[in-house]
Amino acid sequence: MGRTLARIGCLVAVILGVASCSSPDRSPPRSVPAAATADPTASLTGLPFSQFVDQAFLLIVARSPQSVTFYGLADRLGTRNDKLNDYSQTYRARTANLVRNVASQTGSYDRSLLARDEEITYDAWVNYLHEAEFGAFSAEPLAVALYLDETCTDLRLTLSVFHPFRTAEDVEDYLARLASVDAQLDQLLGILDLAVSEGECPARQIVIAPVSELEALRTPDIGSHIFYRTLANNLHRVPSMTPASRKEYLKRARAIVVKEVIPAADRFCDRLIALSGSAPEWGWGGDDDYNHAVGRWLGLAFSSDEVHRMALAEADLRKAELLKAAETLSLSMAKGIDATMNDVVQQSTWFMGDKEIAGRYAELIDELRAATAGAFRRVPEDPVGVAVSNDNVTCYVASSIDGSRHAQLLSPYTGQVPSCLMRMLASHEVYPGHHLQRVVARDASLPLVRRIGRVLGFTEGWASYAERLAREAGAYREDPGGLLGELWGELELAVAAVVDTGMNGLGWSAERAAAYVARTLEQSEEDATDTVAHLAATPGGMIPYFVGQMKFLELRSRARAKLGTRFNLPEFHDVVLREGVIPLSTLEQVVDDYIARAAADSPEARREP
C-alpha cells in the first residue's frame, strides 16, 4: 500500500548515472591517457576553482542530451532538445575519457589551499566525478547494465514529462527524439548482451525490472500510447498551431510509434524476459560492490551490516509507533497491519479526475507550507503548479534554469488518488521536502554542482526527513488517515532497508527476506514475496531515503543535545540547506562546525575565563 515500496515520489534526473555522489574519498578518479582527439577540457586550464567546476560540470552534462533538457540548459549550451542519450561504445568511451581528463585537472587544485566554501564544493565535485565515472555512460558494460531500470525511466520521463513545448521547433525536436527511441533501446540491449557474454549478467530482478517501465511503450492502442498522448496533449501550447499542422504532427508521430517505437520496445522487453530465466537470483556480485555503490549514492562510508542493525531497530520502533497511533484512534489491528492499512486506503476519500486531484494537492501544499513555516527562517514564495502527468508517476519536477518549465507536482494519470497518502506525498515532494530544498539551494548562488546536482542520500534523505517534520509540526491533526499513512510509509522504509541490506550485503535468501517482511508488516506470504521481488530489482534503491533521513535526524539531535537552550530549529535547517546538495559526510562536518561556532558564541561560553 505504502509509498516506499511502490517507489512513489522519486525525483528522476539521470546525470551520467544514478546519482552524483560517492564515498568520502576526496581523491579525483584516476586519470588515463587522452584519446587522440581535441581535448575539450583544455579551455578549463588556469580557471579559478569555482569557475572551473561550473564550466567542467557543463562540459560533462552536455554529453547527456536528456540531462540538458531536464535542467533547461539547451540555450546556454547552444544546442537543441532534439537528441536522446547516445549509449554506443564509442560515445561512452569518449565521455569516460572526458570525465577522467576533468578529474586530472581537478587534482591540480590543492584542497587545503581553498577557502572553506570552496572545500565544500571540492568534496561535492569529486563525489560527482566518481559517480559520473561509474554511471550510465561508463565504458564498462556491467556498469551500464546495472542501471537499465533507471535509464529506461529517464527515457520515458524525458519524452513524457521533461521535453519542452514552446515552439514549432520544439515539436520537431520531439519527433526527432521519438525517431531515436529504437536506436537507444537497441544500444542498451547490445550493452546488456555484451555484459552477459563477458560473464557479468545482472541479477534476475534487475534484468526484468525495465519491462514494467516500458510497458507503456508497447501498447498497440496508439491513442493511449504515452508518447503519442504526450504530443497530443501539448500541441496546444505552441502559439499559432493550426488544425492542419496539428493533424500533420500527430500523423508523423503515429507512424514513428507504430513502425519504430513499439517494435523496438517489444524486442527489448522480449529479450529481457528471455534472459531473466538464466540470470542469477539477485545482487551486484558481492558485498564490496554493493557497499561501494551505495556509499557513492550517500556520499558517506557505508556498511551494510551497520545499516542493517540500525534498520532492524528502527523498524521495531516505527511498528510500535504505528500500533500506538492506531490504538489512540480506536482502530483495531486485529486483521493484521497490512490488511488494516489496506482497509484505511479503501475507506479513504478518493479524489477523482484531473481537476479534483490537482485542487486537493494545491490545498495540501498551502496547508503544509503554513504548518511548517515556523521551522524555517524563510519559506520560499515560489509557486508550485499541480498537474496530472502524462506518465503514471507522482513526482516533483524542479523549475528549469531557462525558465521553460516551472516547478510542478505531477500526479499519475490514473485518475484517482486516496486521501490518506496525499499529504505524505505532498510533504515529501513540495513542502517542506524537495521543492523547499531546491529553491533554498538555487537562491544561495552556489556552484551548479551544489545547486542542481544530486546526492541521493542528501536529496531523498531530506525529503524523507521532511515527511517526519510535517508530522512533528502538527500537519496531521485533522487527518487521522493521513497520519496512519505517513507512519506506515516510515515503517515500510525501515523494512526496505532491512531487506535490501540483508539480501545484498549479508547473504539473506529470498525465503528469509520474505519471512521477515511477512512477520514485520504482517503481510501474507504471497504479498511478502512480491515485496521482496520488488526490492531485489533495485539493490540499494531505498537506502539513500532511509540513511539520509536518519542522518538528518541524528544531526538535529546532536545539535540540540550540545546546544541545549541555544538550539534553534529554523537556524539548524538554514545551516543544512544553504550549502546546497552535498555528500552526507560533508554535511556532518558542516553541522559540527555550526555547533562549534554556536557554542562558542553562547552566553555560557562568553562567561568562561
Side-chain angles (χ1 to χ4, degrees), residues 15-16 19-34 39 41-61 98-134 291-292 295-303 441 444-455 457-458 548 551 554-555 558-559 562 572 574-601 605:
I15 313 169
L16 303 181
S20 53
C21 53
S22 73
S23 59
D25 178 11
R26 290 176 175 151
S27 303
R30 180 177 55 84
S31 180
V32 298
D39 180 9
T41 65
S43 62
L44 304 175
T45 303
L47 291 176
F49 181 68
S50 293
Q51 188 178 350
F52 163 80
V53 170
D54 267 354
Q55 293 302 313
F57 180 80
L58 290 173
L59 275 179
I60 295 174
V61 170
L98 170 68
V99 172
R100 291 177 182 126
N101 285 342
V102 169
S104 178
Q105 292 198 17
T106 301
S108 69
Y109 293 89
D110 187 338
R111 183 182 182 278
S112 67
L113 299 178
L114 298 174
R116 177 55 183 150
D117 185 66
E118 290 181 321
E119 287 181 337
I120 295 173
T121 299
Y122 187 95
D123 294 345
W125 177 239
V126 170
N127 283 337
Y128 174 80
L129 291 176
H130 276 290
E131 185 56 34
E133 185 182 36
F134 185 74
N291 285 347
H292 184 60
R296 287 197 310 272
W297 302 343
L298 298 172
L300 187 73
F302 173 76
S303 162
S445 299
L446 299 166
L448 284 170
V449 73
R450 287 164 62 186
R451 268 199 288 151
I452 60 176
R454 288 207 326 159
V455 180
F458 186 98
K551 179 57 68 175
E554 173 199 335
L555 294 176
R558 183 187 304 176
K562 292 192 175 183
F572 170 78
D574 187 58
V575 167
V576 299
L577 292 179
R578 70 189 179 197
E579 301 296 351
V581 180
I582 56 178
L584 293 181
S585 57
T586 306
L587 174 67
E588 187 162 12
Q589 184 59 57
V590 165
V591 172
D592 285 342
D593 289 347
Y594 154 70
I595 292 172
R597 290 194 308 272
D601 191 47

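Fair warning: this is a prediction, and the values are worked out from it, not measured in the lab. FYI, side chains are in, hydrogens and waters are out, and symmetry mates aren't considered; it's all heavy atoms of this structure.
A side-chain donor-acceptor contact under 3.5 Å links D54 to the backbone of L448. Remark: the backbone N or O of V102 is paired with a side-chain donor or acceptor of T106 at under 3.5 angstrom. S585 places a side-chain N or O within 3.5 Å of a backbone atom of G299 that can act as its donor or acceptor partner.
Contact annotation: the side chain of K551 never approaches that of L298 to less than 4.5 Å [non-hydrogen atoms, C-beta and beyond]. Looking only at side-chain heavy atoms (C-beta outward), V575 and D593 stay at 4.5 Å or farther from each other. When side chains are defined from C-beta on, I582 does not count as touching D123, because their heavy atoms never get closer than 4.5 Å. Using a 4.5 Å heavy-atom threshold, the side chains of Y122 and V53 count as separate. With a 4.5 Å cut-off on side-chain heavy atoms, L584 and F302 do not count as touching.
Partners of E579 under the side-chain hydrogen bond (donor to acceptor under 3.5 Å, both in side chains) rule, at least two apart in sequence or in another chain, are R450. For Y594, there are no ring pair (Phe, Tyr, Trp, His ring centres under 6.0 Å) partners at least two apart in sequence or on another chain. By the side-chain hydrogen bond (donor to acceptor under 3.5 Å, both in side chains) test, R558 pairs with E554, E588, D592, sequence neighbours left out.
Atoms OG1 and CZ, on T121 and R116 in that order, are 10.0 Å from each other to the nearest 0.5 Å. Expressed to the nearest 0.5 Å, how far CG of L129 lies from CD1 of I60 amounts to 5.0 Å. With rounding to the nearest 0.5 angstrom, the OH atom of Y109 is 15.5 Å from the CD atom of E119. Here the OG atom belonging to S108 is positioned 10.0 Å from the CG atom belonging to L44, to the nearest 0.5 angstrom. Atom CZ of R296 and atom CD of E131 lie 4.5 Å apart (nearest 0.5 Å).
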Does the ring-ring contact (aromatic ring centres under 6.0 Å, His included) test come out yes or no for W125 and Y128, once each step is laid out? CA-CA 5 Å; W125 177 239; Y128 174 80; 5.4 Å; yes
*Could you please spell out the steps behind the side chain to side chain contact (heavy atoms under 4.5 Å, CB included) verdict for V590 and V576?*
CA-CA 8 Å; V590 165; V576 299; over 6 Å; no
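Nearest heavy atom pair, residue R578 against residue L446, reads O-CD1, 3.5 Å. Closest approach of F572 and A559 over heavy atoms only: CD1-CB, 4.1 Å. The heavy-atom pair separating L59 from T41 by the smallest distance is CD1-CA, 4.2 Å. Taking all atoms of both residues into account, the shortest heavy-atom contact from F458 to L577 is CZ-CD2, 4.5 Å. Across F49 and E118, no two heavy atoms sit closer than the pair CE2-O, 3.6 Å. Smallest separation of non-hydrogen atoms from G580 and A441: CA-CB, 4.0 Å.
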